[in-house]
Amino acid sequence: MAIILDGKLIRDQILTELGPRVAALTAQGCQPQLAVILIGNNPASEVYVRNKIAACEKVGILSQKLTPPASVSTEELLAIIDGLNKDPNVHGILVQLPLPPQVDASLVLDSVVPEKDVDGFHPINSGKLLAGAPGLRPCTPSGVMEMLRRYEIPIAGRKAVIVGRSDIVGKPMAILLLAANATVTICHSRTSNLAEECRRADILVAAIGRAEMLGEDYIQPGAVVIDVGMNRVDGKLTGDVDPEAMARLSSAYTPVPGGVGPLTIAMLMSNTVQAAEGRLG
Ligand code: NDP
């Protein structure tokens, strides 16, 4: 019988553990604060931002929401971020994606100072991740690592296969698993014999964005399966792995919803607290 890796349980643990750290910072006059920039009226982005602000309130992190219009220019956004970079009371800055087409996304994201880059996307933080130096890590893959750690799933010496090589999920996931001494394979849309590669995995991470693409042929019996995918099919949230095959074949798996999703916001809170602690030295 496969263990269901419960993202909500781990999220609640992480948020509860942040409480005393937030209280200690607040007592020293440094209450953590997250600034969220939400551009335009994308309904999905509005929901994500609402959830992030609700999580802030739960752990005692201050938040501010800036809502420039969809017509905002790159220069206007850079000016907003410059103000937040210089504000000593703001510890984390999050630019909610996607950005409108007229905005130079990489220029804008890279303008957030690395110390406040709570999404962990800045090239300085990517470099620190690669080098194994302390820094702010991307939230989704670091949430997966927390999940594996707290469920005491061994990583060292095991074969990890990641399907997906995006900068925000697949690549950092691979680096984190490598740092934990897994033997790592990264697969993508040009991988030959994808099923064969996946069947080698003791730990299989799906970060593709294609509903239930990985079926029973892709899962080694007894593997741990982490399904990062969040796909809307007929209004229903589905992962990248066939849930029936995953439950039947794996030794442990993350359900969708309720698996990896809740951890992303928990790690954003954790990064904001880490950034505030870093500021205090
Ligand atoms: P991207 O679209 O940036 O990357 C998808 C990756 O999947 C690419 O590397 C792509 O390969 C690969 N891929 C696409 N099709 C195939 C295929 N047929 N066979 C093998 N590989 C394929 O997506 P993200 O990394 O941003 O997100 C992945 C999924 O995770 C999405 O469902 C997203 O919604 C979800 N997500 C969930 C989060 C959470 O909190 N749970 C947070 C972030 C994302 P190539 O590089 O060759 O194009």
Side-chain angles (χ1 to χ4, degrees), residues 5-7 10-11 14 97 109 117-191 194 197-211 213-214 218-220 223-231 239-241 246 250-271 274:
L5 304 171
D6 184 344
I10 303 298
R11 172 197 63 196
I14 293 169
L97 301 176
L109 294 178
D117 165 43
V118 283
D119 259 335
F121 295 162
H122 193 284
I124 293 278
N125 284 322
S126 307
K128 287 182 172 174
L129 170 65
L130 260 182
L136 294 165
R137 307 292 195 228
C139 299
T140 302
S142 61
V144 171
M145 296 305 287
E146 276 297 310
M147 175 85 100
L148 295 173
R149 187 174 72 78
R150 288 170 189 254
Y151 273 95
E152 297 181 352
I153 291 172
I155 301 173
R158 301 181 88 195
K159 290 193 182 69
V161 175
I162 297 133
V163 190
R165 56 173 165 182
S166 72
D167 291 338
I168 61 171
V169 189
K171 279 185 207 160
M173 187 76 254
I175 305 298
L176 289 170
L177 285 164
L178 181 64
N181 297 315
T183 301
V184 176
T185 303
I186 307 174
C187 299
H188 45 78
S189 65
R190 309 290 291 273
T191 297
L194 182 64
E197 296 292 346
C198 291
R199 275 200 309 272
R200 283 193 239 277
D202 302 313
I203 299 171
L204 176 63
V205 182
I208 313 164
R210 288 179 186 250
M213 192 186 111
L214 306 187
Y218 295 73
I219 302 169
Q220 171 175 220
V224 173
V225 182
I226 305 293
D227 189 351
V228 181
M230 291 205 312
N231 312 289
D240 289 340
V241 187
M246 183 160 69
S250 73
S251 58
Y253 70 95
T254 58
V256 179
V260 175
L263 296 177
T264 300
I265 291 184
M267 296 317 290
L268 175 68
M269 298 300 113
S270 175
N271 276 353
Q274 189 185 322

Got a list of side-chain donor-acceptor pairs under 3.5 Å for residues 258-268, not counting sequence neighbours?
{"unit_1": "Thr264", "atom_1": "OG1", "unit_2": "Thr140", "atom_2": "OG1", "d": "3.0"}

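- Taking the side chain as every heavy atom from C-beta outward, Leu177 and Met145 approach each other to under 4.5 Å.
- Atom CD1 of Ile203 is separated from atom CD1 of Ile226 by 7.5 Å, given to the nearest 0.5 angstrom.
- To the nearest 0.5 Å, the span separating CZ on Arg11 from CG on Asp6 amounts to 9.0 Å.
- Checking side-chain atoms of Asp227 against main-chain N and O of Thr254 turns up no donor-acceptor pair under 3.5 Å.
- Side-chain atoms of Arg158 and Pro154, non-hydrogen and from C-beta on, do get closer than 4.5 Å to each other.
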Chi angles and distances behind the side-chain contact (heavy atoms from CB on, under 4.5 Å) call for Asp167, Ser126: CA-CA 9 Å; Asp167 291 338; Ser126 307; over 6 Å; no
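- In this structure, the side chains of Cys198 and Ile219 stay at 4.5 Å or more apart for every pair of heavy atoms.
- In plain terms, the two heavy atoms of Ser250 and Val225 that are nearest each other are CB-CG2, 3.8 Å.
- The shortest distance between side-chain heavy atoms of Leu129 and Leu176 falls below 4.5 Å.
- Residues meeting the side chain to side chain contact (heavy atoms under 4.5 Å, CB included) test with Arg150, sequence neighbours left out: Ile10, Gln13, Ile14, Glu17, Glu146.
- Distance CE/Met173 to CD1/Ile168: 13.5 Å, rounded to 0.5 Å.
- In the displayed structure, Ile153 atom CD1 is contacted under 6.0 Å by more than 12 heavy atoms of other residues, nucleotides or ligands.
- Minimum interatomic distance between Asn231 and Gly239 (heavy atoms only, all atoms of both residues): ND2-O, 3.1 Å.
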What verdict does the side-chain contact (heavy atoms from CB on, under 4.5 Å) test give for Asp119 and Leu97, after you've listed the backbone C-alpha separation in whole Å, the side-chain angles of each residue and the deciding distance to 0.1 Å? CA-CA 11 Å; Asp119 259 335; Leu97 301 176; 6.0 Å; no
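- Using a 4.5 Å heavy-atom threshold, the side chains of Leu214 and Met246 count as separate.
- Looking at every heavy atom in both residues, Ser166 comes nearest to Pro172 through O-CD, 3.6 Å.
- Within the 4.5 Å cutoff, the side chain of Leu194 has heavy atoms near those of the Val163 side chain.
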Please list every donor-acceptor pair under 3.5 Å in which a side-chain atom of residues 183-190 meets a protein atom from a residue at least two apart or in another chain.
{"unit_1": "His188", "atom_1": "ND1", "unit_2": "Arg190", "atom_2": "N", "d": "3.2"}

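- Asp202 contributes no side-chain N or O that, together with a main-chain N or O of Ala223, makes up a donor-acceptor pair within less than 3.5 Å.
- Residues Ile124 and Asp117 have side chains not in contact (no heavy-atom distance under 4.5 Å, counting atoms from C-beta outward).
- Note that CZ of Arg137 is 8.0 Å distant from CG of Asn125, once rounded to the nearest 0.5 Å.
- Side-chain contact between Val205 and Val169 is absent, with no heavy atoms from C-beta onward closer than 4.5 Å.
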